[in-house]
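Beneath this line is the structure, given in structure tokens, with notes to follow.
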Amino acid sequence: MTGVRAKKASRGAKSLSELCIEFDGRQLTVGTDVPEIREFLTHEYSAMLVPEEKSSMGRLDVLRSGNGYAVRGSREVGHAPSLRYLFESMKAEILFHFISTRQDLMWVHAGGVERAGKAVLFAGPSGNGKSTLVTLLCERDWRFLSDDIAPIRMNADVVLPFPQTPRRRIHPRREVPPNAIGIIEREAVMIDPEHVQRGPAAIGAIVFPAYSAGAAAELSRVTPGDAAFKLIRDCTNFADHKGAAVSRAAGIARTVPVYALTYSSGPGAASLVDSHDHGVRRAQD
């Protein structure tokens, strides 16, 4: 299996499976003796796995420990009592590791797609349909950049790919109060490897989606001031940059078109974004 290898642990006779998750040419190695974790990570990071470590970003180990599981990484040893809790804590730990290792980037809570060298980022809090829009646009021949996190360079309007397997919420076919969005079931969407963007892309537009029941899909420009404020709000590593993050967000807002997207139908919203003239056109246009 690509990106997975097994070796004997240094202690005892246990066999550890190792997975190498790559971001921007460097790899995080995750070792585990838990088959369910190996399967989960292989699925969750299928587009980011490589056969071997060439330039290390560090290591995490997930091991059985007593009645639960121990996670050993850059932070203190953590303990997970159940697999369900462990799955979520592993994703958080892996993301924390990449962000803390690459503090030269501004990591924004956003999903992204690319076409013709230009990226469209969907930014904002959870529950507004970022993953839904990203995956629907991938069905329209856009290339997948990221699902929930967008690493942006501090010296250029360029985003790097972080193609963790996208998970979109399954529409409940009923009105859901905002405080219940987090419990809606999600489904993984596997992206064809040929439709995964592997290199950096210039940011062509940023969209802040907002679901509104019954609303027709509509895009409206956001002022640079409001756009900068929203980007700062969604910067997950603001503490690493502070004033520099404020300047970076303001610079992006001045040079990149930023839109608010109101919608109730995911396909309708995806169609609107797909056809809108924001500097990202089909190759034949």
Side-chain angles (χ1 to χ4, degrees), residues 21-28 48 55-60 71 73-78 88-114 118-128 130-131 134 145-164 178 182 197 199-210 221-261 278:
I21 305 171
E22 183 170 83
F23 168 68
D24 197 27
R26 299 180 62 192
Q27 302 83 36
L28 169 67
M48 300 177 69
S55 179
S56 177
M57 291 186 79
R59 181 184 179 91
L60 297 175
V71 181
S74 54
R75 293 187 278 191
E76 294 182 2
V77 174
E88 294 305 312
S89 63
M90 276 303 302
K91 287 196 297 184
E93 184 67 25
I94 288 169
L95 181 57
F96 170 82
H97 190 94
F98 282 120
I99 291 175
S100 61
T101 304
R102 292 298 305 273
Q103 294 179 9
D104 58 306
L105 301 170
M106 184 168 79
W107 295 76
V108 175
H109 190 194
V113 290
E114 179 273 346
K118 295 283 188 175
V120 173
L121 301 182
F122 296 94
S126 297
N128 284 305
K130 296 188 299 295
S131 299
V134 164
L145 264 170
S146 66
D147 174 49
D148 198 48
I149 194 76
I152 298 174
R153 287 180 176 162
M154 291 295 290
N155 60 354
D157 295 341
V158 171
V159 60
L160 305 180
F162 194 90
Q164 182 177 340
Q197 175 65 16
I203 302 173
I206 296 174
V207 177
F208 290 96
R221 285 294 293 264
V222 177
T223 66
D226 286 344
F229 175 80
K230 291 176 182 291
L231 285 171
I232 293 167
R233 174 200 64 188
D234 296 326
C235 178
T236 63
N237 66 330
F238 177 81
D240 293 334
H241 300 291
K242 298 180 182 176
V246 174
S247 297
R248 180 84 275 266
I252 293 173
R254 285 195 302 268
T255 58
V256 173
V258 180
Y259 302 91
L261 169 63
H278 41 53

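Only this structure's heavy atoms are used, side chains among them; waters, hydrogens and symmetry mates stay out.
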Notebook entry, point to check: Going by heavy atoms in the side chains, are Phe23 and Leu28 under 4.5 Å from each other?
Noted result: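 Phe23 vs Leu28: side chains apart.
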Note to self: In the structure I gave you, are the side-chain heavy atoms of Ile21 and Phe98 within less than 4.5 Å of one another anywhere?
What the structure shows: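 Heavy-atom side-chain distance check passes, below 4.5 Å.
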Would the distance check show the side chain of [X] and the main-chain N or O of [Y] forming a donor-acceptor pair, the cut-off being under 3.5 Å?
X	Y	answer
Asp147	Gln164	no
Gln27	Gly25	yes
His97	Arg59	no
Arg221	Tyr259	no

[X] and [Y]: which non-hydrogen atoms are nearest, and at how many Å?
X	Y	answer
Arg248	Arg153	NH1-O, 3.2 Å
Ile99	Thr236	CD1-OG1, 3.7 Å
Arg233	Pro125	NH2-CD, 3.7 Å
Ala123	Pro209	O-CD, 3.2 Å
Lys118	Gly204	CD-CA, 4.2 Å
Pro161	Gly199	CD-O, 3.5 Å

Approximate separation, where rounding is to 0.5 Å, of [X] [atom1] and [Y] [atom2]:
X	Y	atom1	atom2	value
Arg254	Asp157	CZ	CG	10.0 Å
Asp234	Phe229	CG	CZ	9.5 Å
Met154	Ser247	CE	OG	8.0 Å
Ser100	Met57	OG	CE	8.0 Å
Trp107	Asp240	CH2	CG	11.0 Å
Leu231	Met106	CG	CE	6.0 Å

Checklist line | Stepwise side chain to side chain contact (heavy atoms under 4.5 Å, CB included) test for Lys230 and Ile206 | finding: CA-CA 11 Å; Lys230 291 176 182 291; Ile206 296 174; over 6 Å; no
Note to self: Just checking Phe238: does its CZ atom have more than 12 heavy atoms from other residues, nucleotides or ligands closer to it than 6.0 angstrom?
What the structure shows: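 Yes, enclosed.
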Next item on the list: Please say which of Leu145, Val120, Leu121 ends up in a side-chain contact (heavy atoms from CB on, under 4.5 Å) with Glu114.
Entry: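 The single option meeting the side-chain contact (heavy atoms from CB on, under 4.5 Å) with Glu114 is Leu145.
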Margin query: Which residue is it: Asp24, Leu105, Asp148, Ile149? I am looking for the one with a side-chain contact (heavy atoms from CB on, under 4.5 Å) to Phe162.
Written below: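 One option only clears the test, and that one is Ile149.
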Notebook entry, point to check: For Ser126 and His109, what are the C-alpha separation, side-chain angles and deciding distance, and is it a side chain to side chain contact (heavy atoms under 4.5 Å, CB included)?
Noted result: CA-CA 9 Å; Ser126 297; His109 190 194; 3.5 Å; yes
Notebook entry, point to check: Can you list the residues that meet the ring-ring contact (aromatic ring centres under 6.0 Å, His included) rule with Phe208, with sequence neighbours excluded?
Noted result: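 Expected list: none.
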